[in-house]
Amino acid sequence: MAQAARARPRRPARDGARPSRCPVDAPPAAWAAAGAAVRRLHDAPLPPWPGRSLDAIAAELDGECDWLIANDVLPAELVMRNRRIAEAALRPWTPVFTHGDLQVAHVFVADDEITGVLDWSEAAQGDALYDLATLTLGHQEHLGDVVAGYGTDVDLDVIHAWWSLRSLRGVRWLAEHGFDPTAPGCEVDVLKAQATRG
């Protein structure tokens, strides 16, 4: 998620523009368009299958935190500070249709318009703010543009909480799959930045 690679288009976009994966340096209008697209998804009818329960998410988070500390992957203080921040995400929410893995690499843009979204394997009923947090994880400077496009008030503390939660859950997966979670812009940078918040 730290970098979005260019991809060959599957079909031509309108006016001959070639869609590409949403680059992290896209203009504010593209990030706002992504926010608007997420809002349309969240306003769609709920899928019939449920998402993960709060209890399941909390249990997985606790397990990942224990593993990170026990295996000396991250300093215990960094893990526990982010675990406390993540607590704000573990609250009841009104379920919406969520993508479930709406990272930048899954969003295609052309001319500041969203032309497609990939990887719907984790789509389910869930927390709207999880999608917004996933889209902006590692790209926090674009959160204001995404929220502006989304078009409604959101609880920024909960988005920050999802950043911590998703990062804590992601470090082991990245390490076990050959990625460097300490690379600039990746999950460990997010955790460090979160730990310095007031």
Side-chain angles (χ1 to χ4, degrees), residues 1-47 51 89 93-167 170 174 179 181 183-191 193-194 197:
M1 183 162 135
Q3 293 183 344
R6 296 267 180 199
R8 291 185 181 185
R10 298 184 188 276
R11 61 178 177 77
R14 288 191 314 231
D15 302 325
R18 299 180 65 133
S20 65
R21 289 190 178 164
C22 189
V24 296
D25 60 350
W31 288 92
V38 174
R39 180 61 184 270
R40 287 192 298 276
L41 171 64
H42 293 168
D43 287 341
L46 286 174
W93 58 71
T94 301
V96 298
F97 193 148
T98 58
H99 179 278
D101 192 21
L102 194 60
Q103 53 186 289
V104 170
H106 294 161
V107 179
F108 283 75
V109 297
D111 298 328
D112 299 337
E113 292 183 21
I114 304 305
T115 58
V117 177
L118 298 177
D119 191 358
W120 291 85
S121 62
E122 296 184 42
Q125 296 181 28
D127 181 9
L129 299 187
Y130 180 75
D131 274 349
L132 295 176
T134 301
L135 181 61
T136 56
L137 181 68
H139 313 291
Q140 293 88 326
E141 69 278 11
H142 298 295
L143 177 59
D145 298 321
V146 170
V147 169
Y150 193 71
T152 189
D153 289 336
V154 300
D155 188 332
L156 297 180
D157 287 336
V158 174
I159 290 180
H160 287 271
W162 279 120
W163 285 343
S164 287
L165 196 152
R166 183 167 169 114
S167 295
L174 289 170
F179 296 96
C186 278
E187 278 71 359
V188 173
D189 272 359
V190 172
L191 294 170
Q194 289 284 91
R197 291 182 66 238

Enquirer: What salt bridge (charged side-chain N to carboxylate O under 4.0 Å, His left out) pairs are there with at least one residue in residues 28-46, not counting sequence neighbours?
Expert: R39-D43
Enquirer: Please enumerate all residues that pass side-chain contact (heavy atoms from CB on, under 4.5 Å) together with L174, with sequence neighbours excluded.
Expert: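 side-chain contact (heavy atoms from CB on, under 4.5 Å) check on L174 returns F179, P181, E187.
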Enquirer: Testing the basics here: between A37 and I114, what is the closest heavy-atom pair and its distance to 0.1 Å?
Expert: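 Result for this residue pair: CB-CG1, 4.1 Å.
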Enquirer: Would you please name every residue forming a side-chain contact (heavy atoms from CB on, under 4.5 Å) with P28, sequence neighbours left out?
Expert: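 With neighbours one apart ignored, the set is D145.
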Enquirer: By the side-chain hydrogen bond (donor to acceptor under 3.5 Å, both in side chains) test, which pairs, at least two apart or in different chains, include something from residues 123-133?
Expert: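 For residues 123-133, and leaving out neighbouring residues, the side-chain hydrogen bond (donor to acceptor under 3.5 Å, both in side chains) pairs sorted by first residue read H42-D131, R91-D127, D127-W162, Y130-R166.
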Enquirer: For T94, check side-chain hydrogen bond (donor to acceptor under 3.5 Å, both in side chains) against everything at least two apart and list the hits.
Expert: none
Enquirer: Give, for atom CD1 of I159 and atom CG of L143, the distance between the pair rounded to the nearest 0.5 Å.
Expert: 5.0 Å
Enquirer: With sequence neighbours left out, write down each residue that passes side-chain contact (heavy atoms from CB on, under 4.5 Å) with A161, or none if nothing qualifies.
Expert: A88, A89
Enquirer: Listed by chain and number, what are the side-chain hydrogen bond (donor to acceptor under 3.5 Å, both in side chains) partners of D155, not counting sequence neighbours?
Expert: none
Enquirer: Could you report the tightest heavy-atom contact between A123 and F97, atom names first, then the distance?
Expert: CB-CE2, 3.9 Å
Enquirer: If you measure from CG on L129 to OG1 on T134, what distance do you get to the nearest 0.5 Å?
Expert: 10.5 Å
Enquirer: Are the side chain of D101 and the backbone N or O of Q103 linked by a donor-acceptor pair below 3.5 Å?
Expert: no
Enquirer: Taking salt bridge (Lys or Arg N to Asp or Glu O under 4.0 Å) as the test, write out the residues that go with D157, two or more places apart.
Expert: R197
Enquirer: Would you name the heavy atoms of L135 and W31 that are closest together and state the gap between them?
Expert: O-CZ3, 3.8 Å
Enquirer: Any idea how H142 and H139 line up, ring-wise: parallel (<30°), tilted (30 to 60°), or perpendicular (>60°)?
Expert: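 Geometry flag for H139 against H142: tilted rings.
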Enquirer: Listed by chain and number, what are the side-chain contact (heavy atoms from CB on, under 4.5 Å) partners of D112, not counting sequence neighbours?
Expert: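 If we apply the side-chain contact (heavy atoms from CB on, under 4.5 Å) test to D112, skipping adjacent residues, the hits are P27, A29, A30.
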